[in-house]
Amino acid sequence: MKSIVIGVIGADVHAVGNRIIEYTLTREGYNVVNVGVLSSQEDFINAAIETSAHLILVSSLYGHGELDCKGMREKCQEAGLDDILLYVGGNIVVGKQDFQEVEKRFKDMGFNRVYPPGVTIEDVLDTIKADLGD
Amino acid sequence: MKSIVIGVIGADVHAVGNRIIEYTLTREGYNVVNVGVLSSQEDFINAAIETSAHLILVSSLYGHGELDCKGMREKCQEAGLDDILLYVGGNIVVGKQDFQEVEKRFKDMGFNRVYPPGVTIEDVLDTIKADLGD
Amino acid sequence: MQLKNKKWTLDEFMAVRKEVLKSWPTGNDPLLDLDESVERLRKLPAHKNFALKLIEAKLQNRTMLQPRAGVALVPDHIDLLQHLEAAGADFLPSTVDSYTRQNRYQEAEEGIRVSEMQGRSLLNGFPVVNHGVKNCMKVLDNVNVPLQARHGTPDGRLLAEIIHAAGWTSNEGGGISYNIPYAKSISLADSIYYWQYCDRLVGYYEDHGISINREPFGPLTGTIVPPSIAIAVGIIEALLAAEQGVKNITVGYGQCGNIVQDVASIHMLEELTNEYLTKKGYKDMFITTVFHQWMGGFPKDEAKASGLIAMASTVAQLAGATKMITKTPYESIGVPTKEINQIGIKNSKMVVSLLKDQRFPDSDKLHEEEEQIRKEVHCLLDKIYEVGNGDLAIGTVKAFELGIIDVPFAPSKQTMNLILPARDNEGCVRILDFGNLGFTEEIKAFHRKKLEERAKAEGRDITFQMTVDDIYAVSNGELIGRPKGFKTYENN
Amino acid sequence: MQLKNKKWTLDEFMAVRKEVLKSWPTGNDPLLDLDESVERLRKLPAHKNFALKLIEAKLQNRTMLQPRAGVALVPDHIDLLQHLEAAGADFLPSTVDSYTRQNRYQEAEEGIRVSEMQGRSLLNGFPVVNHGVKNCMKVLDNVNVPLQARHGTPDGRLLAEIIHAAGWTSNEGGGISYNIPYAKSISLADSIYYWQYCDRLVGYYEDHGISINREPFGPLTGTIVPPSIAIAVGIIEALLAAEQGVKNITVGYGQCGNIVQDVASIHMLEELTNEYLTKKGYKDMFITTVFHQWMGGFPKDEAKASGLIAMASTVAQLAGATKMITKTPYESIGVPTKEINQIGIKNSKMVVSLLKDQRFPDSDKLHEEEEQIRKEVHCLLDKIYEVGNGDLAIGTVKAFELGIIDVPFAPSKQTMNLILPARDNEGCVRILDFGNLGFTEEIKAFHRKKLEERAKAEGRDITFQMTVDDIYAVSNGELIGRPKGFKTYENN
Ligand code: B12
Ligand code: B12
């Protein structure tokens, strides 16, 4: 059973999507480690180390995602998580912005997959499966 | 008491604005000659000749105004109405169009004043007064 | 011709038909062979049959959506309809241009020509007759939901022939509702006669096992029409249609604005139509209702127009209307683009699907309004049958002549144009001036009382100015046209 | 500190105040001298006083409108608010950014810096504390309607000081409603204590003749919260505020979606808040209600979002809510631009002004829903007073610890998070799993019965999947999350 770390980053308290993501990934047979809302980069990284996770799935709903996610890839590397996959999704920037630009900004920060508003966890189950090589 | 000819041109049956224009201009002290809905250019012109009107106020609501108003100025001249003022208003073209262009088209046809949707008869009372020189 | 409410014999119909088909070259199409058309329509899949889809629709809880739409040229019209289907329209229209409506096919031809030349539609609708059966078939082939012609044609006989032959399985209109609001000088006897023809044509198809829907145009002039008048006209047209063999009828109503009155009207429209059809012995009728989103002047602001559209949708769904005709944010400006038309549909669809499991609860207030409408409609129809000596067609013509039934703000000289409506203090449409309207003193007293409540609250007399204020009100974002400086709470 | 529901003495308040003002440099502003602030606020014109304008508003028939809005920088924020005023907002907000809400002023400072550098707001709101009194005064100077801070701050004491000193005459929030949905680990005893401070501050102003409005945050997590739970929390916060000297309170409620339940909720919110305030001996209270347009996940399509907004406006107006918080067509995407925010206001305004003379009629169905809510709220509050030995503050903390009161989908560990809501077959929010909720068996049986009706109609069991389906439903254009392939009419 592969482990996936999930949580909501920064000062963000949007808890509903997080609960549904936990429910859905668990139903799909993953070992879900949920660091919950209001989580720092360190919270995610520590959980990933503890559970040898393959994927950190970061939610950011409240708009500060850009500020909160800065430097996360570097912190992962410092912690020795060299190959860990980083996903980010929800409403990751403030307002309606051109998604191609937004995607670029987050890819430049080292995220492997970046999702626009409206993409639900159900929509990415196949991608997760493929990326985790099941 | 100056005379104003009003009516709705072409195959247009929108009667409500016409009735209100009659009511409003009469209240303002004009001799209103209403040729009603479904009126041809000739209907307007004949009424203007009969009552020595100074102004023909054409309503067109249904969108065919451009087709229906073509040649009206020339017909007025042929009938000897050399100085008659021609106004047109309502929803005079099909759809939402740039009004500057629309105005130009109708001015080129010889209309003195051209109004976009939303301009009510109350809005132009001052203009009429000024144009009729009271 | 001697007008009466009696099913035309096949011979009578066929004799007139010959003349009708001669009225414009497209009537000369071999595709207009009736028996071949019947066979073609038999092969139409059920989901493209308007009447059958309505039967299905009524079993569902959600109000179905249909926009208005039509442009001059065939390819553009198909593109337009495909956009509307994609946006969620359950039924599609082809709104017909105004020249065709007045049988001015020559001018429609010119409109097509100029539109082709300039690359934009100069017509306000799709010129069905000029395009002919083949083009209409092409339109239907390119969509996946049923098609209806929506027009406003006093004499739409050739139009009806063409659309039905092309597989369009619904036709809007009626001898009253497509004359009084849409013409000036055409006699009511004539237009009723023309529409008997259209209904008889549908009756022919029905006699051969093909269901076709007919839809009287409920809103009439769309301008604060008192509900009982609109409903009475709808019932008359339903009865006239049934006599000619029509089975599947959608009676209509245009939103007035007071929610209780609107819900009561939809309820009464359905109840009373069924009541009269049964009473007059018509069997196997299938009656549905259509609610028209606000038919009067719209606000200019697009966001405000959207608000009105969604509010209307709320009412239609809570009232349980089978279908709703949607408007668009451009309503006050001009014919909408396909994108703007889509917005109206999506906005409406959201509301009706959210609310599909809900209905307006029964309440005393609702029942009182229903009872008032019931009383008024009975009163009008009784008088009409009376002056017609039992014949509805004759009675209708006479009743309009005498002003017993009268439609406000109509362009037509066939209605007395004496009655004046105005809103009461809660926004219900009442009658300020009755003209010769066939109401009892009791009914009149009720209307007067209601308007006096408003007059008192506003501190002014009941005059035409109230009506004028009400006509402008909705476009200014209000329902009741209050005098300047009016403050509600001074009167609480 | 020993939490109890007792008005703080002036000394207690002033002692804590010293510490509060030290928590960030902007607290050190001479403009924060309380007596000078009182005098400044005395000069504020009535139309800029939130509390006074609400009194005026309640006399009118129309529901007042207030959007949400806030950006990082002062000039942009002013420009934004001016746009919203121009669009017809009756009250203005300043929505505060999320760092400030967690008292992370250092990060807010960074957000301001980066926003200035990049020329776009990287914060999701206006960082009130960092900007300080002067800037907040500047914002108020540039608008013509009252201003309120809307945030979600468990410890908003410095924020409250700053906004009131700047003449913002309303503060949203409460010890429960700004903790449970907005925090993870802050104890309820602490947040109630912090909000006693905020209320006591308002009490100070009231004691000196300055009216200031307070508004508990009714929607809580915004996610199918059962009405009686939201109403109970609103009443508790109103009572706690009244104890500290608050007089002018707006209790809130987030649209659930079933119209009858929503109308009943607004009625009960007002009735029961007044009932408890009277029963507990608070005099001269002025209570108004605020209806929040749908607070859960929105549909992505902007036209659909507009439909939802206008439908919500219909309900608010018919329910007679004093105020409504508007959403925008961008809701599901992100913080709206000023233009898009205007659309939400205009759309809503159209509906509430159209319907201002109308109310939802009384009916049995409405009364039943009202009675159900009344029973549930009484039941919860009785239990809370019981476990608090008559002290509401203590009772609330204990009741949350025990799960007697519980909020679904909350991020906070201060609520048991055991209860699960789901919709019944008409879309009313009911409870599927009660956890330890302090309901009688009779009430629980009612909820179970209602959910069984739905389960039967859908042919499936009552499980968490129903809740999940309901959470997604509205964003998919439905109210009830039906299983795939569900057809309503199979069950009619
Ligand atoms: C009510 C209405 C109807 C009623 C009319 C009843 C009747 N017989 O009177 C019915 C339902 C029958 C109807 C039918 C049709 N209508 Co119509 N109708 C309207 C509607 C909703 C309101 C019109 C109205 O009464 N307003 C209230 C009065 C007081 O205002 P008014 O008419 O605008 O007049 C005022 C001003 O315009 C101004 N004014 C008028 N003339 C002039 C002239 C001058 C010089 C000046 C200064 C001012 C001025 O002063 C008037 C008084 O203040 C408008 C859209 C809208 N405005 O919201 C569409 C609208 C006018 N209709 C339209 C159309 C296309 C039709 C139809 C072809 C069918 C269709 N496609 O839906 C048929 C036409 C039939 C025909 N042959 O004419 C279109 C026209 C499109 C365009 N120009 O691009 C409109 C704009 C709707 C739309 N957006 O599609 N309609
Ligand atoms: C409910 C809600 C709230 C509730 C939250 C209750 C709670 N504690 O959970 C309350 C009212 C408390 C709230 C508060 C705030 N909110 Co809020 N909220 C919403 C709302 C309406 C719905 C969110 C929701 O629950 N959706 C349902 C769940 C199931 O969907 P979801 O959360 O989107 O999650 C799904 C997907 O996003 C996806 N997903 C999530 N993460 C990831 C990650 C990956 C990798 C992938 C593939 C997918 C994925 O899968 C999830 C499950 O399918 C949204 C707008 C919307 N969506 O309509 C705004 C919204 C998220 N909130 C917003 C904001 C700004 C706030 C506030 C700052 C206040 C404000 N200005 O209104 C505060 C923030 C407080 C804080 N510190 O975080 C903004 C964010 C703006 C932006 N990004 O530009 C939004 C978008 C509204 C808006 N347009 O302004 N909010």
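Please read all numbers here as calculations on a predicted model, not as lab measurements. Note on naming: letters A, B, ... go to the chains in the order of the sequence lines (proteins, then strands), and numbering restarts at 1 for each one.
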Worksheet item: Of the backbone (N, CA, C, O) and the side chain (C-beta and beyond), which part of D:Ser353 lies under 4.5 Å from a heavy atom of chain C, both, or neither?
Response: both

Worksheet item: What residue in D:Val315, D:Val260, D:Ile345, D:Val351 has the most heavy-atom pairs under 4.5 Å with chain C?
Response: D:Val351

Worksheet item: Between CD of D:Glu426 and CG of C:Leu355, what distance do you get to the nearest 0.5 Å?
Response: 12.0 Å

Item to complete: Taking the side chain as every heavy atom from C-beta outward, state whether D:Pro361 and C:Leu366 have any pair of such atoms under 4.5 Å apart.
Response: no

Worksheet item: C:Leu308 versus D:Leu354: any side-chain heavy-atom pair under 4.5 Å?
Response: yes

Item to complete: Answer yes or no: is there a side-chain heavy-atom contact under 4.5 Å between D:Met350 and C:Pro299?
Response: yes

Worksheet item: When rounded to the nearest 0.5 angstrom, what distance separates CE in D:Met311 from OG in C:Ser348?
Response: 13.0 Å

Worksheet item: Under 4.5 Å between any side-chain heavy atoms of C:Arg454 and D:Asp357, yes or no?
Response: no

Worksheet item: What closest approach, in Å, do C:Ala303 and D:Ile343 show between heavy atoms, and which atom pair accounts for it?
Response: CB-O, 3.6 Å

Practice prompt. Ignoring hydrogens and angles, tell me if any N or O in the side chain of C:Gln358 forms a donor-acceptor pair with the backbone of D:Ile259 under 3.5 Å.
Written response: yes

Worksheet item: What distance separates D:Lys356 NZ from C:Ile480 CD1, expressed to the nearest 0.5 Å?
Response: 7.5 Å

Discussion item. So for D:Leu318, is it side chain, backbone, both, or neither that comes closer than 4.5 Å to the heavy atoms of chain C?
Written reply: side chain

Worksheet item: Heavy atoms, side chains only, cut-off 4.5 Å: are C:Asp362 and D:Ser363 in contact?
Response: no

